[in-house]
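Keep in mind the model is a prediction, meaning the values are calculated, not measured. Start at 1 and go down the list; that is how both ligands and their atoms are numbered.
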Amino acid sequence: MSDEKMKLFTVGPAQMYQHTVDVRSRVVPYFRTPEFSELMLENVRLMKELVDAEESAEVMFLTASGSGAMEATVMNCFDEQDKLLVISGGTFGERFEKICEIHSIPFQALKLGPDETLTGEHFEKYEDQGFTGLLVNLHETYTGQLYDINLIHAFCERNHLYLVVDAISTFLCDEYHMKKYHIDATIVSSQKGLCLAPGLSMVVLSERMIRERVMNNHVKSLYFDFKDYLSNIKRGQTPFTPAVGVCFELNDMLKYIEKQGVDNRIREVKERCDYFRNKIAGLPIHLPSYPLSNAISPIRFEKDIAMEFFQYLKDEKHIMVNPVGGELGKCSIRVAHIGDLKLADYDILLAEIKHFFGM
Ligand SMILES: *Cc1c(COP(=O)(O)O)cnc(C)c1O
């Protein structure tokens with residue numbers, strides 16, 4: 001059920017840009033061609049630029065949603081001999097835990113409560129405990145907390161860990177620097193900050209992760225063996241049929257952002273975010289106190305009316321906000337600031353919030 005009038009304040013799929021819709025409307029071509037290879041090599045170059053990776057980094061294009069890329073990354077970079085620390089402050093952190101369990105990779109979870117800020121103290125008991133890698137969803141989209149990359153980076157440096165970052169909902173929303181923080185794997189997905197159709201995920205790997213881990217790992221998977229992706233991408237190809245249409249959308253979007261400048265893109269998201277957050281002051285809603293990403297505002301109501309409000313917006317007003325699963329979902333919804341949204345769109349949403357509260 002597609003609703004052309006529906007306005008998406010959701011984090012993914014997000015409100016698509018018209019230039020993406022135009023690319024989507026074209027016939028999907030055959031892909032084992034020099035022309036498609038060239039497009040993919042341009043995607044590699046631009047992806048590396050946007051995550052601020054070393055020249056020696058490499059990009060994997062997986063036809064999978066973000067969770068597939070999370071699982072593939074863990075499978076290819078670690079094994080039963082490892083000991084991982086998982087920052088687990090919501091459902092996406094729990095997903096990393098589950099992946100480790102399924103693949104018999106030893107791990108400990110640094111658990112955070114729904115209102116708990118990640119601080120340096122949390123790391124103290126994990127120092128010098130023989131960890132080999134750290135997994136983090138830098139923006140835990142469930143709660144909206146943006147973890148402090150400086151803390152995580154410093155812990156990984158002191159303890160000589162590989163750092164794997166699920167950047168799916170922070171990429172293009174907040175600053176991101178792979179080089180500066182020695183990040184060994186960055187996971188990105190098409191439907192979040194890039195505002196494309198779902199189906200394509202990118203994993204950017206550091207040279208040391210490729211050389212020391214991926215090339216020496218025996219992955220029990222046909223589809224998700226990164227060695228195949230690494231050898232194919234050198235010539236701009238993937239081992240299996242990629243989401244060809246989304247690769248075209250990606251190329252269009254990456255070139256658009258390159259022209260705009262990545263800092264300006266992030267500034268645009270932040271501007272919508274700040275505008276909304278400033279305007280909700282005085283309403284019977286509040287934001288949690290931990291650091292937040294610019295991607296979403298996880299608003300909390302004083303009563304358990306989140307689902308009622310969500311239904312009202314969707315059915316009566318053609319406005320889609322992001323519901324929250326689990327316990328938090330009773331009193332919380334998330335409003336995204338990515339996508340092709342204007343400040344005036346937020347005025348409409350704010351007016352509806354006021355109307356709902358009889359203000
Ligand atoms: C959206 C998201 C994912 C991927 O979820 P899929 O449903 O598999 O696309 C992974 N991690 C984070 C932090 C996300 O926000």
Counting from 1 in the order shown, the ligand 1 atoms closer than 4.0 Å to a non-hydrogen atom of His139 are 13 (C)

Judged by atom type as modelled, is there a donor-acceptor pair below 3.5 Å linking the side chain of Gln145 to the main-chain atoms of Gly90? no

Any donor-acceptor pair under 3.5 Å linking the side chain of Tyr181 with the backbone of Leu163? no

Of Val188, Leu138, Ile168, the one whose closest heavy atom lies nearest atom 10 (C) of ligand 1 is Ile168

Which option, Gly90, Ser67, Ser190, Gly93, owns the non-hydrogen atom nearest atom 5 (O) of ligand 1? Ser67

How far is atom 1 (C) of ligand 1 from its nearest protein heavy atom, and which residue and atom is that? Lys192 NZ, 1.3 Å

Under the 3.5 angstrom rule, does the side chain of Ser297 hit a backbone N or O of Ile299 as a donor-acceptor pair? no

Does ligand 1 have an atom under 4.0 Å from some heavy atom of Glu140? no

Numbered atoms and elements of ligand 1 in range of Thr141, under 4.0 angstrom, heavy atoms: 12 (C), 13 (C), 14 (C), 15 (O)

Going from CD1 on Ile187 to CD on Glu71, what distance comes out if it is rounded to the nearest 0.5 angstrom? 11.0 Å

Apply side chain to side chain donor-acceptor pair (under 3.5 Å) to residues Glu352 and Tyr312 and explain how you reach the verdict. CA-CA 9 Å; Glu352 289 305 337; Tyr312 164 77; 2.9 Å; yes

ring-ring contact (aromatic ring centres under 6.0 Å, His included) filter on His182, not counting sequence neighbours, yields His153

Ligand 1 and Asn137, any nitrogen or oxygen pair closer than 3.5 angstrom? no

Using modelled atom types and a 3.5 Å cut-off, is there a donor and acceptor pairing between side-chain atoms of Ser25 and backbone atoms of Asp22? yes

Out of Pro13, Ala69, Ser65, whose heavy atom is nearest to atom 6 (P) of ligand 1? Ser65

Can you sort out which atoms of ligand 1 are near Arg95, meaning under 4.0 Å from one of its heavy atoms? 5 (O)

Protein heavy atom at shortest distance from atom 9 (O) of ligand 1: Gln191 NE2, 2.8 Å

What protein heavy atom is closest to atom 3 (C) of ligand 1, reported as residue, atom name and distance in Å? Phe92 CE2, 3.5 Å

Can a donor-acceptor pair be found, under 3.5 Å and without considering hydrogens, that links the side chain of Asn159 to the backbone of Asp128? yes

Where the closest heavy atom to atom 12 (C) of ligand 1 is concerned, which of Val165, Asp166, Val136 has it? Asp166

